[in-house]
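I have placed the structure first, in the form of structure tokens, so that the comments after it can refer back to it.
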Protein chains: 2
Amino acid sequence: MHIDEGTALTTDHGRAGAQSSGPAEPRRRPRLEDVASALGVSIKTVSRALRGDPKVRESTRQRIVAEADRLGVQLNDVAAGLRRKNQAMTTIGVTLGDCTNPFFAPMLRGIHSVATERGYLVLTADAQNDPELEHRAIRSFFAHRVAGLIIAPVGDDLGYLANEAAFGSAIVFVDSPPPGLGESMDSVTTTNAASTREGVEHLLARGHQRIGYLGHPRRGSGAEERWAGYVAALEAAGLRVDPDLVRDELVTEADACRAAEDLLETARPDAVFVDNNRLCTGLLQSKAFARRRLDVVSFDRFELAAAFGVSVIDSDPYDVGRAGAKLLFDRLADATRPPQRLEVPARLVVHEDPMY
Amino acid sequence: MHIDEGTALTTDHGRAGAQSSGPAEPRRRPRLEDVASALGVSIKTVSRALRGDPKVRESTRQRIVAEADRLGVQLNDVAAGLRRKNQAMTTIGVTLGDCTNPFFAPMLRGIHSVATERGYLVLTADAQNDPELEHRAIRSFFAHRVAGLIIAPVGDDLGYLANEAAFGSAIVFVDSPPPGLGESMDSVTTTNAASTREGVEHLLARGHQRIGYLGHPRRGSGAEERWAGYVAALEAAGLRVDPDLVRDELVTEADACRAAEDLLETARPDAVFVDNNRLCTGLLQSKAFARRRLDVVSFDRFELAAAFGVSVIDSDPYDVGRAGAKLLFDRLADATRPPQRLEVPARLVVHEDPMY
DNA sequence: CACGTAGGTGTCAACGTTGACATTAGAGTT
DNA sequence: AACTCTAATGTCAACGTTGACACCTACGTG
């Protein structure tokens, strides 16, 4: 690629030695100094002007901004980062246990929205449900000197983070509280137990007595709390938990699909509560469900729940994301305040089967 | 800030100076120098050892790695970035037109997978279908000195990127070719026309003649090509395009839902082709569809397509992501090669309505 | 008029790392 | 013994920015 004079646009600041044989020598990015020398001011003044420091005469500021625009000069965040306390970049890291979970996309959007407001960028990592990948991603994030971290954890011991927090990095957990870190960190979870109970009570109120349960492993992600909500609802209604109606330790959609075939065939529930959206979509894809549609309540929203008439317990993931990000920036602003544990309320969204 | 001797590591890192009045003074992160002085070698040697430079005696390397581990020293990517050509970080940026589109999550995973292999991190931005946000995100990315950029564009003139490419940044477009940049950049798209034609022919083969069309605006995202595929299939079958069967300029799910109500009620198609997944989920949520389920083929996969018996044209987004990321790193490795336009083949995945 | 004050601007030395080049020690060669 | 060669290590000056602090001017104020 040969860069000819016309490429310039904002202006041409071609590096003179045009007869250089080799091709594609990339141009050097313009820096503060280019503006400074063009205008006969110091680099420092340019720096100040571009960052909106008020200690610059308005007329100077305008000249500088104009020239910077003309040259296409933009502050180098990397260099600026190096100068900051802790060398922190204006970047936050987000690790997702599984980025294809439909819960996470809107959550990420919530995080983005807050980060953008504050002028931060978002690094993402997809742990693919593997604690080892999660750990590696987090290490990389710190090597990049993120200002903070939002973690939807998959590992069950993140003790190694305690270290990092001591270096001034803010850390917030979303979706599930900090495994292996006691109460010492900020987190955003949702009303797992109460909302599950509400969901199961909804099914009871519709006259169902035999309510199946599909759940993921009890550790992490509030699975215990959701289970507790299920138990509580049944007990309050004077019903016993029937182990035949329960399938847990399910992880993938395929697990849930298989479990659903089995559950619906053998235990014949009137209705089913599902502990998260991934498992619910598994259920919906089972032949047994297609044959005999029954009332379902799922934790977590998913696309098309309405079209299936599946009621969901929706802990608005966008809000979870925003709340998590806000918590992060608050902690960044004040490292001393006590750890916060936020609970975003989840609400039951009832959907009727559109096919009656 | 007072750095005390015991700063050590993975273990108990009580910040000793307990009597310090102000709380939470973060410790200083250990650096190469800490290892160097602990071992009586130069910083440079530590740098070499930690980066795997072979010009270090094996025994020295081991001592250094061990000590670095003990102290929790990790290379500072920010500082290293500053030293690199173009000050590029080991980071790539990804802008998504709409991060909640189910197409993008697996694509992002594909990008992550390649980036991780190469030791790069991924910055994401969500343009929310707003060209202005897209532009701002891209500017921020460059301020952070990303090595390269993967763009699923929403804006219809990204001419401002030409500049950046000249500074040595690699840029790849996914999903839709570079608007306003001619043929000058790498891109990954899919077989829009051919696969659409295949999808429509599938509907024709099932005996349908009146095939509705729901589509998004013709500019961008291969909408034109998809439309062309629809037209070609009909014409090949000796059918005319009936304008009553076509609804386009649809953007949101709600648009599609409304359009579907109208289309199904008034024009009474036998089957429908939908131009993307977002619109398809809109269709599926319409009352008209719930009442009268008909054969549907949609471009782009979405969760639960199988459960609805909707056939999809699946341009495996994971592969698109991987291909895009590979293109990016290839360009980073060789800026001079001619721009590549990759087409990932999309294949028709037929699903039968599970309810018969 | 000496003196403080505030508003602009500049100088200098970092930040943590690495490229270029210098140095040293030891082994091998004549 | 004088030499070359190589492997291993070190020194120094960047990279582009900003914090700390110095300076200079103009403008009160007593």
Side-chain angles (χ1 to χ4, degrees), chain A residues 26-64 68 71-91 119 142-147 167-168, chain B residues 1 3 26-37 39-65 68 71-91 142-145 147 167-168:
Chain A
R27 279 186 297 166
R28 183 196 235 286
R29 228 174 248 278
R31 355 163 233 171
L32 296 194
E33 211 229 306
D34 300 324
V35 179
S37 62
L39 261 41
V41 296
S42 77
I43 298 185
K44 191 74 231 251
T45 303
V46 178
S47 163
R48 282 198 262 251
L50 258 32
R51 290 192 302 161
D53 188 320
K55 292 154 104 126
V56 181
R57 196 198 310 274
E58 180 55 20
S59 64
T60 315
R61 203 188 59 77
Q62 287 179 2
R63 280 194 310 144
I64 290 177
L71 297 175
V73 168
Q74 233 191 336
L75 274 178
N76 181 337
D77 258 330
V78 180
L82 202 54
R83 291 287 310 158
R84 265 188 288 268
K85 272 259 168 276
N86 311 328
Q87 285 75 49
M89 294 286 283
T90 51
T91 301
F142 284 120
H144 279 254
R145 298 297 188 263
V146 292
F167 295 139
Chain B
M1 189 196 316
I3 298 146
R27 278 186 299 164
R28 184 198 236 286
R29 229 175 246 278
R31 357 163 234 179
L32 297 194
E33 211 229 305
D34 299 324
V35 180
S37 62
L39 260 42
V41 297
S42 77
I43 297 184
K44 190 74 231 250
T45 303
V46 179
S47 163
R48 283 197 262 251
L50 258 31
R51 290 192 303 162
D53 188 319
K55 293 157 100 132
V56 181
R57 195 199 310 273
E58 180 55 19
S59 64
T60 315
R61 202 189 59 76
Q62 286 180 3
R63 279 194 311 143
I64 289 176
V65 169
L71 297 175
V73 169
Q74 233 191 335
L75 276 178
N76 181 337
D77 259 330
V78 180
L82 200 54
R83 293 286 311 159
R84 265 187 289 266
K85 272 260 169 276
N86 312 328
Q87 285 76 49
M89 293 287 283
T90 51
T91 301
F142 284 119
H144 279 253
R145 298 297 187 262
F167 294 137

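Hydrogens, waters and symmetry mates are skipped; everything else that's a heavy atom, side chains included, is used. Letters go in sequence order (proteins before strands), and every chain restarts at 1.
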Touch class at under 4.0 angstrom, heavy-atom based, for Arg84(A) against every strand present: nothing
Touch class at under 4.0 angstrom, heavy-atom based, for Val41(A) against every strand present: sugar-phosphate
Given DNA chain D, 5'-ward residue of the pair Arg145(B) and Glu58(B), judged by closest heavy atom: Glu58(B)
Nucleotide nearest Ala79(A) (side chain, heavy atoms from C-beta), chosen from dT17(D), dG19(C), dG16(C): dT17(D)
N/O (side chain, Ser47(A)) to phosphate O (OP1/OP2, dG16(D)) under 4.0 Å: no
Rounded distance (Å) that lies between atom P of dC15(C) and atom CZ of Arg83(B): 16 Å
Rounded distance (nearest 0.5 Å) linking atom CG of Leu50(A) with atom CD of Gln74(A): 9.0 Å
Beyond-backbone contact of Val56(A) with Arg48(A), side-chain heavy atoms, under 4.5 angstrom: yes
Donor-acceptor pair under 3.5 Å, Arg29(A) side chain vs dG16(D) base: no
d(CD1, Ile43(B); P, dC15(C)) in whole Å: 10 Å
Check: Lys44(A) side chain, dG19(D) base, donor-acceptor under 3.5 Å: yes
Short side-chain N/O contact from Ser42(B) to OP1 or OP2 of dT9(D), under 4.0 Å: no
Closest to the Arg51(A) side chain, choosing from dT18(D), dC15(C), dT9(C): dT18(D)
Between dC15(C) (P) and Leu82(B) (CG): distance, integer Å: 14 Å
Presence of Thr45(A) side-chain N/O under 4.0 Å of dG10(C) phosphate oxygens OP1/OP2: yes
d(CD, Gln62(B); P, dA8(D)) in whole Å: 13 Å
Interatomic distance, Arg63(A) CZ vs dG8(C) P [rounded to whole Å]: 14 Å
Toward the 5' end of DNA chain C, by each residue's nearest nucleotide, Arg48(B) or Asp77(B): Asp77(B)
Sole candidate of Leu39(A), Thr60(A), Val35(A) that passes side chain to side chain contact (heavy atoms under 4.5 Å, CB included) when paired with Val46(A): Val35(A)
Check: Thr90(A) and Arg84(A) side chains under 4.5 Å, non-hydrogen atoms: yes
Phosphate OP1/OP2 of dG16(D): any Gln87(B) side-chain N/O under 4.0 Å: yes
Whole angstrom value for the distance that separates P of dT17(D) from CG of Asp34(A): 9 Å
Atom-pair distance (CG on Leu32(B); P on dC12(D)), nearest Å: 18 Å
Minimum side-chain heavy-atom gap His144(A)-Met89(B) below 4.5 Å: yes
Arg57(B) side chain near dT9(D) phosphate (N/O to OP1/OP2, under 4.0 Å): yes
Nearest-angstrom distance from the residue atom CG of Leu39(B) to P of dA8(D): 17 Å
Any side-chain heavy-atom pair of Arg63(B) and Val41(B) under 4.5 Å: yes
